[in-house]
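Notes for the one structure printed next.
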Amino acid sequence: MNVIYPGSFDPVTNGHIDIIKRCAKKFDKVTVAVLNNNSKNGFLPIEKRLELLKETTKHINNVEIDSFSGLLIDYAKMKDINIIVKGLRAVSDFENEMKMALANNKLYPELETLFMVSNTRYSYLSSSLVRELSVFGGDVSCLVPKAVEEALIKKFQGGL
Ligand code: PNS
């Protein structure tokens with residue numbers, strides 16, 4: 001069984017990596033799909049987000065890193081994959097995730113969304129937290145993989 005794990009991954013965090021690893025153990029193939037919609041202003045360029053995901057998941061054989069634009073249902077149809085996996089950190093994630101899952105299922109009834117409960121170690125962790133910490137020079141070394149930390153440091157030295 002193949003699944004899509006979609007998101008912005010701006011940037012990928014240890015919480016995302018935990019979900020990807022756990023999915024890779026349960027499913028034949030995990031396609032990590034990075035949203036590339038222009039309307040959503042990026043912190044890191046899409047190419048960098050893809051590069052960091054590739055780098056940080058390269059040791060997992062059944063993971064593919066890809067990007068998509070437009071609607072997730074159209075991407076899922078194009079890939080011929082009808083299972084979406086989303087991580088749920090807390091009840092606060094649930095309302096929005098449920099709306100998206102129901103809307104996606106309404107538009108594409110074959111599509112199912114499965115929720116994977118985040119590890120409690122990462123229940124507070126989000127890309128937006130990492131972005132805010134890095135803008136103000138906070139230490140993100142225990143929140144993101146090494147390659148991401150290095151990319152963020154480089155960004156704030158004007159390198160990205
Ligand atoms: O990491 P995020 O930002 O929570 O991911 C949200 C994402 C990319 C999964 C969601 O915004 C999405 O699927 N966007 C694609 C556009 C789309 O299909 N919108 C309708 C969802 S109901």
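The first residue in the sequence is number 1, and the count goes up from there. Atoms within a ligand are numbered from 1 in the order they appear, just like the ligands themselves. As the structure is a computational prediction, the values presented were derived from the model and not from experiment.
Within ligand 1, counting atoms from 1 as listed, the ones closer than 4.0 Å to a heavy atom of L35 are 8 (C), 14 (N), 15 (C). Interface of N104 with ligand 1, defined as ligand atoms under 4.0 Å from a residue heavy atom, comprises 21 (C), 22 (S).
Between K86 and D93 there is no salt bridge, since none of the side-chain N atoms of the basic residue sits less than 4.0 Å from a carboxylate O of the acidic one.
Residues satisfying the side-chain hydrogen bond (donor to acceptor under 3.5 Å, both in side chains) criterion with D80, sequence neighbours excluded, are absent altogether.
In E64, the CD atom is crowded: over 12 heavy atoms of neighbouring residues, nucleotides or ligands sit closer than 6.0 Å.
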Expected list for residues 141-150: side-chain donor-acceptor pairs under 3.5 angstrom, two or more places apart:
{"unit_1": "S141", "atom_1": "OG", "unit_2": "D139", "atom_2": "OD1", "d": "2.7"}
{"unit_1": "S141", "atom_1": "OG", "unit_2": "D139", "atom_2": "OD2", "d": "3.3"}
{"unit_1": "K146", "atom_1": "NZ", "unit_2": "E149", "atom_2": "OE1", "d": "3.4"}

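Note: an N/O pair closer than 3.5 Å links L72 and ligand 1 by distance alone. Checked by distance only, ligand 1 and K86 stay at 3.5 Å or farther apart across all their nitrogen or oxygen atoms.
Comparing G70, G7, P6 against atom 15 (C) of ligand 1, the shortest heavy-atom distance belongs to G70.
Between Y122 and I19 there is no side-chain heavy-atom pair separated by less than 4.5 Å.
Not a single heavy atom of K99 lies less than 4.0 angstrom from ligand 1.
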